[in-house]
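Take a look at the structure below.
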There are 2 protein chains.
Amino acid sequence: MTITEQSPDRPGFTPLYQQVRDLLLSRISTGAWRPAEALPSEHALAAALGVSQGTVRKALDSLAAEKLVERRQGKGTFVTLHTQESTQFRFFKLTFDSGERALPLCKESTITRRPAKDDEQKFLGLLSLAEVFAITRNRFAEDRPVLRETIIVSAELLQKLDTHQPLPNTLYMFYQAEYGISIASASERIKAVGADKDVAHALSVEVGAPVLLVERVAFDLTRRPIELRKSFYLTDSLHYTVNLG
Amino acid sequence: MTITEQSPDRPGFTPLYQQVRDLLLSRISTGAWRPAEALPSEHALAAALGVSQGTVRKALDSLAAEKLVERRQGKGTFVTLHTQESTQFRFFKLTFDSGERALPLCKESTITRRPAKDDEQKFLGLLSLAEVFAITRNRFAEDRPVLRETIIVSAELLQKLDTHQPLPNTLYMFYQAEYGISIASASERIKAVGADKDVAHALSVEVGAPVLLVERVAFDLTRRPIELRKSFYLTDSLHYTVNLG
DNA sequence: GAGTGGTCTAGACCACGCA
DNA sequence: GCGTGGTCTAGACCACTCT
């Protein structure tokens, strides 16, 4: 039984379970099931789609592997909800040198609306007259400044973002709850640079002091770029961790 | 049918496919099949182990997901062989700002044998009288120095490493070919620091210039620590990339 | 054509969560 | 006790590779 009919020998062959996967993903990303809601059971989906339970299972397993859904034995399959614990450690890989996970808190924050710059248009896929919100804030760990970050998002996509003040510590939970946008992946470029005047002041170091620059593009479920983030970390007492598998 | 007999209700339950997975992994790590060799077919393994082909498949799929084996339709399942292309980009995530992958080449290299320092003993799990090889080398991209790295390995485990000169650019291929040790994962700590005199000289920058410090512990198939590596990168024209999935 | 992994099915039974 | 996902099986057929 196939969903998109295809004769049984052409080259552009797509496995059934992947068609099911894509179908479920599109339903999730258009909000047919909201975060934290349960999907129908494997058995129900299989019956509804006219495929076997094993095929539905394979589709759901692949979504679970990408953390787009969570499966809980005995309960059901749920659309992933961004929570403090889960998201924080998935997208913010900062650790104190002692080994403890670090969660620097925002203390100062400004938000402005302005036309998008060229590179911002390019990375976010915006039109040339588009506007963006630019959030600049400093984060503290143990009462010391450790991070200065600037966040750029489309003003059209995240409407009235500037009316929500103060903005929460973890924006990704907020994007999901307020705008139905789930950040699913991100890619980062890391460099060591000397602090400029602005960064030096924010982090209480001298101009030229070595700081870690992390430039991030964050994507939603459909790999649409949502957010640009430029962070300067003071890595005296903490570090960025990476696991290569 | 179970491999390790277990009554069907106790808490410490291990799925059959995981027992098969562990068995195959232990055979691979002890060298029963060498890198690039084919494992027996699913059908043959299933018959030999007295389980169904679907169970063997699930075990092999999980090994393939961790890149410990590679599956090729129509050919067979092969123990992963570290090659220039595959390993290089898996463990060295360096990219030119232009977007091109960077493969800095070693130009200078020294190797010495000496007693292990305290932290080296700790991270590599060595005894207190153990000795290590320490390799220090500089790497160049486009005729400019971009990296100074120091590599620490157990002298007992990688015997006579110092007789192989010059050492190859990519050590992980060499560990596998020469010692049967496959690096399967690694974890890294990243900081921005000021160059000390030694690093500054090697990278042709001033003392105190910002450089990216990457400290790595690399593990074999059984997650035994094999190598300690401390790298200082000059990130003027290139950067470290991370994908958060 | 023979042999390999890849897909798909149907059904049995187990482990878990909850009422 | 029921419904959920998790494991395991047996077998059919498809896609790819090599001879």
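We name chains A, B, ... by the order of the sequence lines, and we start the count at 1 in each one. The analysis underlying the following values was restricted to heavy atoms, covering all of them including side chains, and did not include hydrogens, waters or symmetry mates. The shown structure was predicted, so the numbers you read here are calculated from the model rather than taken from an experiment.
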Exercise for the section: Tell me, yes or no, whether the heavy-atom count around B:Glu156 atom CD, taken from other residues, nucleotides or ligands under 6.0 Å, exceeds 12. Expected result: no

Practice task
Determine whether more than 12 heavy atoms belonging to other residues, nucleotides or ligands lie under 6.0 Å from atom NE2 of B:His43.
Solution key: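 It does not: B:His43 NE2 has 12 such atoms or fewer within range.
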
Side-chain donor/acceptor pairs under 3.5 Å, residues 95-106 of chain B, sequence neighbours excluded:
{"unit_1": "B:Asp97", "atom_1": "OD1", "unit_2": "A:Lys191", "atom_2": "NZ", "d": "3.3"}
{"unit_1": "B:Asp97", "atom_1": "OD1", "unit_2": "B:His239", "atom_2": "ND1", "d": "2.7"}
{"unit_1": "B:Asp97", "atom_1": "OD2", "unit_2": "A:Lys191", "atom_2": "NZ", "d": "2.8"}

Euclidean distance, atom [atom1] of residue [X] to atom [atom2] of [N] [Å, nearest integer]:
X	N	atom1	atom2	value
B:Tyr17	C:dA15	OH	P	14 Å
A:Leu45	D:dG3	CG	P	17 Å
A:Leu39	D:dG5	CG	P	9 Å
A:Lys58	C:dG5	NZ	C1'	11 Å
A:Phe78	D:dG5	CZ	P	8 Å
A:Glu70	D:dG6	CD	P	12 Å
A:Gln53	D:dG6	CD	P	11 Å
A:His43	C:dA12	NE2	P	13 Å

Which nucleotide in the list [options] gets nearest to the side chain of [X]?
X	options	value
A:Ser52	C:dT9, D:dT4, D:dT9	C:dT9
B:Gln73	C:dG5, C:dC8, D:dC8	C:dG5
B:Lys75	C:dT7, D:dT17, C:dT9	D:dT17
B:Thr55	C:dT9, C:dG6, D:dT9	D:dT9
B:Glu42	C:dG5, C:dT9, D:dG5	C:dG5
B:Pro15	C:dT7, D:dC8, C:dT4	D:dC8

Practice task
Answer with base, sugar-phosphate or nothing: what part of the nucleic acid does A:Arg57 contact at a heavy-atom distance below 4.0 Å?
Solution key: base

Handout entry: Side chain to side chain, A:Leu171 and A:Arg229, heavy atoms closer than 4.5 Å
Key = yes

Problem - Sub-4.5 Å side-chain heavy-atom contact between B:Ile151 and B:Glu227 - result: yes

Exercise for the section: For D:dG5, take OP1 and OP2 only and decide whether either is under 4.0 Å from a side-chain N or O of A:Thr77. Expected result: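 Yes, because at least one side-chain N or O of A:Thr77 sits under 4.0 Å from OP1 or OP2 of D:dG5.
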
Problem - Bend angle of the helix from C:dG1-D:dC18 to C:dC18-D:dG1, end axes from five pairs each (to 10°) - result: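 Answer rounded to 10°: the end axes differ by 10°.
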
Handout entry: 5' precedence on DNA chain C between A:Gly74 and A:Gln18 (nearest-nucleotide basis)
Key = A:Gln18

Quick one: side chains of residues 180-187 of chain B, donor-acceptor pairs under 3.5 Å with protein atoms, not counting sequence neighbours, listed by atom name and distance.
{"unit_1": "B:Ser182", "atom_1": "OG", "unit_2": "B:Gln176", "atom_2": "NE2", "d": "2.9"}
{"unit_1": "B:Ser185", "atom_1": "OG", "unit_2": "B:Arg223", "atom_2": "NH1", "d": "3.1"}

Practice task
Anything under 30° is parallel, anything over 60° is perpendicular, the rest tilted; go ahead and classify B:Phe174 against B:His164.
Solution key: perpendicular

